[in-house]
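So the structure is just underneath, and the comments pick up after that.
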Amino acid sequence: MLIAQISDCHVVADPDGVRYDVNPAAGLSGAITHLNGLSPRPDVVVLTGDLVEHGTAEEYAVLRDRLQALEIPFLLVRGNHDERDPLVDAFPDHPALGSGGRFVQYAVDHHPLRIVVADSTLPARHDGGFDDERAEWLDHTLAERPDHPTVVAWHHPPIDTGIWWMDAGGLNQGRDVMAEVIGRHPQVERVLCGHQHRSIQAAWAETMVSVCPSTAHQVGLDLLPENEPRFIAEPPACQLHFWHAGQLVTHTSLIGWPAQPQVLDSGQAWHEMLPDRRQRRPLRKG
Ligand SMILES: [Fe+2]
Ligand SMILES: [Fe+2]
């Protein structure tokens, strides 16, 4: 199974609108073209929040219009820039979006990897958090299928990345409770997040957190606490989570990068190595 992840599209109502030197709608369309052209084609695309900029119906109409070009089923996650009601209203063909009451939280059970979407947003806040109600929902939901490999997706990464101003606006409530919840469920292969507008990975709560870059503007990689917040015009990218031989491997795929692959010409008969490689099986955590 191949899960593609894109994040932080920040679509605005004006399809020609520009923020931080990037047109978000064009960035999303570029990502869609990239995803549609991947081989093998992903089974599903997970969009990990900040789908639009202001959470308005007009913005979700642009988002929906652009996503119609995506030829792969997709799942939507709520970010701090998203508003629950207009998001749910814009996608009536995604009934799971509205199934979690005032939160956007649901589980998808028809893939080899189960996908559980949680809601890390706080009302009118840039930073995120989980209360007991959402932690209990996730604990209960994960307990339903303890033997099924699972990916959990929510917007705010539960880690400090060293980029001070994004950490200040990170997951500031319920982090320890969520670590206990995730730690109780060893079938969780990955926690997929966005919000940081960079590719970041870290071990956390007996699993791994993987953060996806934005399809629009990226956050500058700056680990110095004295510097001011800044964005940077780095290439957008998606994450490809490849479920293979009992292990989930995450690749970063740059979007719009024009390089063409060149066949390695070393005289090695590569096909003769295939049987040995297929016999190898990576270790799984217990
Ligand atoms: Fe964002
Ligand atoms: Fe965010």
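Counting starts at 1 for both ligands and their atoms, in listed order.
When distances from the Fe ion (ligand 2) to the N, O or S atoms of Asp50 are compared, OD2 comes out shortest. Among the heteroatoms counted here (N, O or S) of Asp8, OD2 is the one nearest to the Fe ion (ligand 1).
At a threshold of 4.0 Å, the pair Glu180-Arg175 does not count as salt-bridged, since none of the basic side-chain nitrogens sits closer than that to a carboxylate oxygen. We find that Arg184 and Glu206 are not joined by a salt bridge, their nearest charged nitrogen and carboxylate oxygen being 4.0 Å or further apart. At a threshold of 4.0 Å, the pair Asp93-Arg64 counts as salt-bridged, since one of the basic side-chain nitrogens sits closer than that to a carboxylate oxygen.
In this pair, His126 and His81 present their aromatic rings perpendicular. The plane angle is above 60°, beyond the 30 to 60° band.
Not a single N/O/S atom of His195, whether from backbone or side chain, sits less than 2.8 Å from the Fe ion (ligand 1). The Fe ion (ligand 1) has an N, O or S atom of His10 inside 2.8 Å of it.
A distance of 7.0 Å separates CZ of Phe130 from CG of Asp119, quoted to the nearest 0.5 Å.
Angle OD1(Asn80) to the Fe ion (ligand 2) to NE2(His155), rounded to 10°: 90°.
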